[in-house]
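Values reported hereafter were calculated over all heavy atoms of this structure, with side chains retained and with hydrogens, waters and symmetry mates removed. Note that the numbering runs from 1 along the sequence shown for the chain. What you are looking at is a predicted structure, and each value in this text was computed from that prediction instead of being measured.
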Amino acid sequence: MRSIIYSLFFVSTFAFAANPSDVFTFGSNSFKDGETLQMKHVFNSFGCSGKNLSPELHWSNPPSGTKSLALTVYDPDAP
């Protein structure tokens with residue numbers, strides 16, 4: 001069985017924000033950093049037999065002017 005490990009990597013340039021509630025945050029209720037995804041989130045093809053459901057993601061307070069966000073995914077079984 002293939003496993004996919006999602007990791008969230010963020011460098012906060014707002015570590016010294018005047019108000020802690022202004023700090024950019026990102027997370028998921030579907031997994032924790034470095035944790036293997038549940039089978040319901042695994043792709044259903046190429047030898048994988050998951051349910052291909054996207055994990056829940058949430059964020060708050062992106063920096064002013066942000067137009068997009070990126071999530072890195074590490075798949076240790078990928079060539």
Side-chain angles (χ1 to χ4, degrees):
M1 174 170 77
R2 297 180 61 159
S3 65
I4 298 174
I5 300 172
Y6 272 68
S7 294
L8 307 177
F9 299 102
F10 295 97
V11 177
S12 176
T13 58
F14 301 96
F16 301 104
N19 184 350
S21 65
D22 292 340
V23 175
F24 175 64
T25 60
F26 182 90
S28 175
N29 293 320
S30 299
F31 61 91
K32 292 186 170 105
D33 186 24
E35 186 176 79
T36 301
L37 287 175
Q38 298 173 19
M39 285 304 295
K40 67 182 178 182
H41 301 300
V42 173
F43 187 55
N44 188 7
S45 189
F46 299 108
C48 298
S49 58
K51 294 189 178 184
N52 204 30
L53 298 174
S54 296
E56 179 274 336
L57 302 173
H58 58 264
W59 54 88
S60 63
N61 301 316
S64 178
T66 299
K67 296 183 182 193
S68 63
L69 301 171
L71 171 69
T72 62
V73 178
Y74 171 65
D75 182 349
D77 296 328

**Asked** Does some side-chain heavy atom of Ser30 sit less than 4.5 Å from a side-chain heavy atom of Gln38?
**Response** no
**Request:** May I ask you to decide if the ring planes of Phe26 and Phe24 are parallel, tilted or perpendicular, using 30° and 60° as cut-offs?
**Result:** tilted
**Request:** For residues Gly50 and Asn44, report the shortest heavy-atom separation together with the two atoms involved.
**Result:** O-CB, 3.1 Å
**Request:** Group every Ile, Leu, Val, Met, Phe, Trp and Tyr by side-chain heavy-atom contacts under 4.5 Å, then state whether Leu69 and Leu71 land in the same group.
**Result:** yes
**Message:** In this structure, would Leu53 and Leu57 fall into the same cluster of hydrophobic residues linked by side-chain contacts under 4.5 Å?
**Reply:** no
**Prompt:** How far does OG of Ser28 sit from CD of Glu35, to the nearest 0.5 angstrom?
**Reply:** 9.0 Å
